[in-house]
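Read the structure below first, then the notes.
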Amino acid sequence: MSALAAMTQPLASSAAPLAANLVQSVDWLAIAPPTLAAVVGLVVLVADLFVGERRKALLGWVSVTGLAASALLLLPLLDGDRRTFCLTGDADVCSYAADRFTLVIQFLVLGGALLAALLSVTTLKDADKRLPEGEYWFLLLSSAAGAALLPASRDLATLVVALEVASLPAFALVGIRHGDRKSSEAALKFFLSSVTATAVSLMGISFVYASTGTLYLTQIADRIQNVDGQLHTLAQTGVVLTLVGFAFKTAAVPFHFWVPDTYVGAPLPIAAYLSVVGKTVGFSGLILVTVVALPSYADVWGPALATLAALTMTVGNVGALRQQATRAYSAVRLLAWSSVGQAGYLLVPIAAAAYSDDAERSVGSTVAYALMYAAVNLGAFAVAALVGRTRAANRITDYRGLYATNPLAALLLAFFLLCLAGLPPGIIGLFAKVTVFSAAVDAGLGWLAVVMAVNVVIALFYYLQWTTLLFRAPEGEPAAHRVPAPLTAALALTGVLGVALSGAPQLVLRFTDTGLF
């Protein structure tokens with residue numbers, strides 16, 4: 001027995017330090033925002049089993065409160081950068097970082113999810129039990145938690161997990177209306193395109209890992225510059241495939257085909273959520289992969305993203321221009337094609353980061369533009385949700401004479417459309433476009449700036465055409481639009497935010513310093 005004890009004692013003593021080395025401390029405050037959203041989602045799902053049909057609306061208000069609390073948890077993190085889940089041997093290599101870039105994107109994601117939740121409260125009430133409320137709120141909160149986790153991810157494994165946690169519930173939300181053929185078709189298109197994107201991304205990431213031997217973004221940036229000659233082609237292929245996968249997620253042309261039908265088939269609050277939060281997830285992941293992990297391959301992803309930006313903004317704006325005002329769901333389709341065009345503008349500064357000496361400022365231009373776009377686009381969807389309560393087909397012609405029946409809603413929609421167009425009094429839209437334009441010019445991408453200027457002119461036509469329709473004399477008996485309290489709150493929040501930013505656009509321009517580097 002003594003001999004056996006003597007043999008096992010060294011093993012036990014060596015196992016203890018090894019186990020200790022694998023233990024990582026967790027900064028619970030840093031991970032609190034996405035964690036709270038996920039916990040509230042689970043609480044809502046369980047509570048749905050015990051809450052009676054008459055009190056299902058409480059689940060919606062619990063979800064709204066949870067998203068608001070998650071957003072408020074960002075405030076204690078403003079004092080400085082926090083990192084957690086770090087390598088025990090190197091505290092600078094971490095899987096989760098709550099830096100300035102992370103906090104801005106998390107604010108955008110959680111704020112967008114909160115506004116979508118406010119729109120959803122009214123939509124679920126109008127659906128009269130045709131939408132399962134418990135499942136709806138669980139899926140929305142789960143997707144929001146994944147979307148909030150993604151900008152904090154600093155390794156490719158966490159990045160992919162966060163991307164899928166954000167995407168998978170969204171498939172179900174798009175097709176959640178049982179028996180609705182249009183909704184099921186939209187969900188199928190969205191699912192197939194996203195699964196393809198994930199498969200391509202995973203293959204690219206596996207190639208990058210095989211070339212560098214690490215999944216951490218900062219380590220990839222160092223090691224991929226010195227890849228063995230035999231693995232150089234593998235590394236290049238991995239970079240290209242990873243970019244293609246994220247191009248799907250951002251709805252960049254030619255991977256945009258799912259957008260119009262998905263927005264039309266989904267419940268309108270989910271279309272609004274996808275247009276802002278879904279797009280933000282794709283762009284933040286793209287920034288982390290290109291600018292943080294692969295700066296040495298800027299000569300590969302820079303021209304590719306510049307070309308994608310030009311194609312995306314052109315196809316999106318031409319698609320919006322071709323919408324027939326009398327076609328069913330033409331208002332939602334126009335917003336869908338407009339969001340594709342806006343994705344092109346968002347790609348411009350990321351492409352410019354490949355050519356610029358100040359990549360952080362270029363990336364910051366994308367973040368600033370995303371903040372403007374989120375506020376005004378969600379506001380436009382909120383007005384569309386209001387009109388859709390009495391005009392189920394939601395045609396552009398249904399907005400004719402809106403000023404006569406609901407002056408405030410008409411003025412807000414006109415303001416939001418002018419912001420998207422970049423015209424006064426939508427000053428914030430003008431400043432955001434100038435910021436993106438200057439990023440392209442400063443990086444030497446004059447041709448891309450010219451393409452952007454042409455597309456801005458094209459977009460002016462359909463934005464102004466819709467705006468003028470709001471103030472024309474109504475045809476026939478005008479429909480009264482009763483505005484429920486949650487919808488009123490969503491309109492008020494987006495309106496106040498848009499007006500405040502137009503009055504002080506420097507508030508958005510401050511975010512051009514992301515603190516990402």
Side-chain angles (χ1 to χ4, degrees), residues 30-38 67 70-78 80-84 94-116 143-155 158-167 170 217 246 249-251 273-293 342-343 345-347 349-350 353 359-375 377-378 432 435-436 497 501 507-517:
I31 66 173
T35 302
L36 180 61
L67 288 169
S70 297
L72 288 174
L73 284 175
L74 297 174
L75 295 177
L77 302 175
L78 296 176
D81 293 351
R82 288 174 175 263
R83 296 177 182 272
T84 187
C94 306
S95 293
Y96 189 104
D99 52 23
R100 185 179 176 86
F101 172 80
T102 299
L103 297 183
V104 172
I105 299 297
Q106 285 183 337
F107 169 75
L108 198 161
V109 164
L110 294 171
L114 175 62
L115 289 168
S143 180
L149 172 62
L150 189 139
S153 303
R154 293 299 182 270
D155 71 70
T158 307
L159 192 67
V160 170
V161 170
L163 195 62
E164 290 312 296
V165 172
S167 301
L217 302 183
F246 277 97
K249 298 295 185 181
T250 58
Y273 176 84
L274 291 175
S275 74
V276 171
V277 177
K279 194 173 269 70
T280 302
V281 165
F283 278 101
S284 56
L286 188 63
I287 288 170
L288 291 173
V289 168
T290 55
V291 181
V292 177
Q342 299 288 342
Y345 302 146
L346 286 163
L347 280 170
I350 305 177
E360 181 174 0
R361 183 176 180 184
S362 297
V363 169
S365 298
T366 291
V367 175
Y369 195 94
L371 287 169
M372 179 283 300
Y373 169 74
N377 205 61
L378 284 168
T435 302
V436 170
L497 187 58
L501 293 178
L507 295 176
V508 165
L509 298 181
R510 288 174 58 189
F511 293 111
T512 55
D513 178 16
T514 61
L516 187 58
F517 302 97

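Shortest non-hydrogen contact noted between Leu67 and Ala113 is CD1-O, 3.6 Å. Residues Pro151 and Ala148 come closest through the heavy atom pair CD-O, 3.4 Å. A pairwise comparison of heavy atoms in Ala343 and Phe283 identifies O-CZ, 3.4 Å as the closest pair. Heavy atoms only, all atoms of each residue included: Ala374 and Val276 are closest at CB-CG1, 3.4 Å. Closest of all the heavy-atom pairs between Arg154 and Leu288 is NH1-CD2, 3.6 Å. Closest approach of Leu74 and Pro33 over heavy atoms only: CD2-CG, 3.6 Å.
Contact of the Asp155 side chain with the Leu217 side chain is not registered, since no non-hydrogen atoms from C-beta on lie closer than 4.5 Å. Side chains of Leu159 and Phe246 form a contact here, defined as non-hydrogen atoms less than 4.5 Å apart. Using a 4.5 Å cut-off on side-chain heavy atoms (C-beta onward), Val291 and Glu360 make no contact. Counting only heavy atoms from C-beta outward, the side chains of Lys279 and Asn377 never approach each other to under 4.5 Å.
In this structure, OG on Ser167 lies 9.0 Å from CG on Leu274, to the nearest 0.5 angstrom. Of the inter-residue distances, the one linking Leu378 atom CG with Tyr273 atom OH reads 11.0 Å to the nearest 0.5 angstrom. Interatomic distance, Ile350 CD1 to Ser284 OG, rounded to the nearest 0.5 Å: 9.0 Å. Note: Leu108 CG to Leu103 CG = 12.5 Å, rounded to the nearest 0.5 Å. To the nearest 0.5 angstrom, Ile105 atom CD1 is 6.0 Å from Ile287 atom CD1. Interatomic distance, Thr280 OG1 to Phe107 CZ, rounded to the nearest 0.5 Å: 12.0 Å.
In this structure Ala37 satisfies the side chain to side chain contact (heavy atoms under 4.5 Å, CB included) test together with Ser70, Ala145, sequence neighbours excluded. In this view, Thr250 satisfies the side-chain hydrogen bond (donor to acceptor under 3.5 Å, both in side chains) rule with no residue, not counting sequence neighbours. Considering only residues two or more places apart in sequence or on other chains, Ser153 meets the side-chain hydrogen bond (donor to acceptor under 3.5 Å, both in side chains) condition with none of them. Residues meeting the salt bridge (charged side-chain N to carboxylate O under 4.0 Å, His left out) test with Lys249, sequence neighbours left out: Glu164. With sequence neighbours excluded, no residue forms a side-chain hydrogen bond (donor to acceptor under 3.5 Å, both in side chains) with Thr366. Applying the side chain to side chain contact (heavy atoms under 4.5 Å, CB included) test to Tyr96 and every residue at least two apart in sequence or in another chain returns Ala30, Ile31, Pro34, Thr84, Phe85, Ala98, Gln106, Leu149, Ala152.
Between Thr102 and Arg82, the side chains place no donor N or O within less than 3.5 Å of an acceptor N or O (distance only, hydrogens not considered).
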